[in-house]
Structure formats: structure tokens, C-alpha cells
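Chain A is the first sequence line, chain B the second, and so forth, proteins listed ahead of strands; every chain is numbered from 1.
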There are 2 protein chains.
Amino acid sequence: MSVILKPKTATAEEIAVQLTEAIHAHRLQPGAKLREDEVGDVFQVSRTIVRQALHSLQHKGLVTILRNKGAFVAKPTLKEAREVFEARSLIEPAMARAAALRATAQDVAFLEAHMQAEQDALDREEVGEALRLSGDFHVQIARIADHTLIETLLGQLVARSALIIALYWRRRSALSDKASHMGLVNAFRDADADGAEEIMKGHLLDLLMQLDLRDSPSGPVSLKEALKK
Amino acid sequence: MSVILKPKTATAEEIAVQLTEAIHAHRLQPGAKLREDEVGDVFQVSRTIVRQALHSLQHKGLVTILRNKGAFVAKPTLKEAREVFEARSLIEPAMARAAALRATAQDVAFLEAHMQAEQDALDREEVGEALRLSGDFHVQIARIADHTLIETLLGQLVARSALIIALYWRRRSALSDKASHMGLVNAFRDADADGAEEIMKGHLLDLLMQLDLRDSPSGPVSLKEALKK
DNA sequence: TTGGGCCATATCGTATACAATCTGAGCCTA
DNA sequence: TAGGCTCAGATTGTATACGATATGGCCCAA
């Protein structure tokens, strides 16, 4: 928790955003406890506001709140992880198709700048920021498709994906989606709906393949936790 | 607001459920104001708890909270309404397919009982309850498909659909989904994945057709509201 | 009469006080 | 020494007090 920025007073929304970024950047690990007054001290607000932020993050699936226990950064199970990517596979190809039919020159330029920003972050070795931008790329596609509901939804799924990547990413392979993203941008430029849809399908499959979502238990668990119940 | 039941103390979750049911049953109309201490009086809890419930409903898209103005039952716009059904069309056929492959005899029996309960409600002329059950039928399919994430998601979309139906339903046609639901149950019994998927696709299209989602303005609006801004 | 400004009241927003609950250390006992 | 009990401290849960903001009525002036 001590790695959070902005020690000045903030709104619940701002706190939620900052916590989300910290989770995205893996500065807050899955399972980390978020004590209310600790967070409140950092942001200089009362627990009331912190509570709002934490509940909001719970609704988005980033935080788990246990009654009388507290709030923790969510630890998606294997099943939840698979479900997130299944849901994305149902939604995103259709968004890519719609975006291809609607994308303007500005949209294409925006996505290109977005990819450049991601590359810059990688060059600076800011892996967390690059991951965040990479996820946001997908949300931007829903925005271009002008589908507000799914844009919101996808924002939540992408945020959860960041947690999943933190837990299940096979470190041995590089998480590179540059080629797919480039392909999508090109398809948008050409208004190639079929192409965009296919690339997105393949891209999500690629992502899945780079995760270790086989039956292995959910990773290192403390003995104490493992023996509980 | 005076039509709500259970005047004894309750948790935020219970309040949210009761409000949801009231919205489903159209006892609370889109746009209705939900004053915090009024709700608190009804349920015999402090505003703290009411606030939790209202925020939770906001996240689910059933309530709109305007800062310093208060909470209102959401009034989905035409675009939002279309988006809800588009999202459902992306998700539910796949759920129907998965459910067909997984449904047990118990699941089929459960759905049959569910349909019977809906019919009973209709016979008792409890239209609101029948609508609620009809929506829940779809959520149950996601449960049978064993897809928890989408089950939750669909619960929200179905709840919003109830609002949309309240606003955009063409009264002239009967909102009958009995045939489609029956077809789905049969497909589940036969493990007919393709059939289930197709029926669900068509069923959602049917639903859309029975709504008036053309460009007409969002219905009766007070003059004052219309001239604002 | 009509338009604008002012104030009382209603209502929401936030902080804080207090109650309920959990946790873990220390102690006792078998 | 292992197991369980008790209690203090830490932490979350809820109610309430108080401040901020919006609303609507009233008065006054043009």
C-alpha cells in the first residue's frame, strides 16, 4: 500500500482509479489487503470515501470484500479467469467488426498513437504501464464501435484480465500483442469488418494461450491458508 | 415508494433486492425518485444502508444517482435499450449452446417448473411477477451453463431489460415468450446445441421486435424537463 | 404581471462516534 | 507441549451529527 501516489485529498472515484492503476501495474498484488484507514491516510480522506471506492472496485471485480474481514485485491480463480476470457471472446470480435465499419481516420490515428505510447512505455521498461495501455486498446475499440454499454463492461473485463495476467501469465513467453493490434488498426483503416473480427478472435486465443490456465492449483498459497477449513 | 413491502429492518442487499423486484413489477416506474430517508423509513434502517443499496443498484444500471440531486429509477435511453439487447444477443446464444451440452434431467425439470410458475403467475394476472420469472429464465440458463460471470452479468442485463420493457413495450402485442422458452427446454433435453443456439437468437430478435425501439422520442416527458437546458 | 433575487427548507455528502466483530497473544490445564 | 480459553487491541459496520447544495416560494421592482 505504501507505493500509492498522490497524498492529497481525493474523491472516491479518484481513489478507485489510482487503486486500479496500482493493481494494473502490479504494485498491488492479488490478495493484498486494503485496510480502510490505511487507504484513508494515504489519500487524506475519511473511511466513508474509501469505502465508496472499495465497494465500487468490488462491483468491478477487482476487489473482494469479506464481511468483518476487510477488502482485498481480488484473486481470480482458474474458473473465473477462463470465464473472463470466454466472455471477452463472445463480445470483442463483434466490437472489432462494428469498429471496422465505423472507424474514422481520426480513430485510426488515435489507435496508432495509442500503440506508439505502449511501445514507448516498453522502451522505458514500464511494463505495468504498457500492460495497462494494451488493455485499454481493447476498450477503445468498443468506444469506436460507439457501444457505451459494452465499453463499460469491457473496461471491467480488461481490468480483471490484468489481475489474471498477474496470476497466470507464463513468464517464459513474451506477452506480445503488437502484431494483432497492428492488424486490427489496418483492418479498421480498410473498413475490413470480416478481417477485424477474425483478427480479434485469434488475438484473444493467443492471449489465452500465453496464460497458464490449465488445472494447476492457483499458485503459491500459504500453508496456513491451504489448511484452513 | 409507498407500495413497498416489509416494513422491518433489513440489510442493504435485501433492500436492493426488494427495490429490484418493485422495479421489475413496475411498482416503481422509470424516473421515480428514491429519497434516502424515505427508503430508510420504509425499511427501518439508517441512510448509510440505503445508500449502499442505491449505489449497488446504480452499478447494476437500475438506478441513476445525480450528485446532490438524489437517486432515481433509471430511464434507459433508446440507444441504451438497443445496446442492452445487442449485448444479450452476443452472449445468450452461446449460453444456450453451452447449457444444451450440460443440462441434466434435473435442470430440465427445474426449467419446466419455472415455466409453470410463470404461467401460474399469468393466470393470477400477476403480470409483474410473470415478467420477472420470464427474465430469470434466461439467467437460469447461464447458471446451467455453469458460467458464473455471465450469470451475474446477464442478471444485470435482464434487470435493465425489465426497465426497457416498461418504457418501450408496444402494448398492442402480447409479450409471449412461452413458445421460445419451451423450444429451449426441449433442445436442452435433446442436448441439441445448434438448435438451442438458434432458438435463443430468434427469441431475442422476437423480443426486440416487440419493443418500440425506433427513433421515437423516449415517450411522455414533462414540458419542464423537455425545455431544460 | 413578470422576472429576478433572496431565503427557508429539504435533501444529499462527509466525517466522526460508537457498536460489533475478528485476531492473536498469553495463559491455563491436562 | 498441545489444545483451548479469555481478553485486549485492531478493524470493520452502522448510526448520527453537521456541513454543502439544490429547490421552491416569497417578495420586490420594473
Expressed in angstrom and rounded to an integer, what is the separation of [X] atom [atom1] from [N] atom [atom2]?
| X | N | atom1 | atom2 | answer |
| --- | --- | --- | --- | --- |
| I49(A) | dT12(D) | CD1 | P | 16 Å |
| F43(A) | dA15(C) | CZ | C1' | 18 Å |
| Q58(B) | dG13(C) | CD | C1' | 14 Å |
| D41(A) | dT11(D) | CG | P | 11 Å |
| R47(A) | dT14(D) | CZ | C1' | 10 Å |
| R51(B) | dA15(C) | CZ | P | 12 Å |
| R35(B) | dA22(D) | CZ | C1' | 14 Å |

From dT12(D), dT14(D), dC12(C), nucleotide with atom closest to E36(B) side chain: dC12(C)
Proximity to the side chain of K33(A) - top-ranked nucleotide from dT11(D), dT11(C), dG13(C): dT11(D)
Phosphate contact (dA15(D) OP1 or OP2) by S46(B) side-chain N/O below 4.0 Å: yes
Any Q52(B) side-chain N or O less than 4.0 Å from OP1/OP2 of dT14(D): yes
Pair D120(B)-Q116(B), side-chain donor/acceptor within less than 3.5 Å: yes
DNA chain D contacts made by residues 63-73 of chain B, counting heavy atoms under 4.0 Å: N68(B), K69(B)
Side-chain (Q44(B)) to main-chain (D41(B)) donor-acceptor, under 3.5 angstrom: yes
Main-chain N/O of L149(A) paired with E83(B) side-chain donor or acceptor, under 3.5 Å: yes
H114(B) ring center within less than 6.0 Å of H181(B) ring center: no
L111(B) side chain near L184(B) side chain, heavy-atom distance below 4.5 Å: no
Check: L28(B) and L34(B) side chains under 4.5 Å, non-hydrogen atoms: yes
Residue pairs fulfilling salt bridge (Lys or Arg N to Asp or Glu O under 4.0 Å) with at least one residue in residues 131-140 of chain B, sequence neighbours excluded: E129(B)-R132(B)
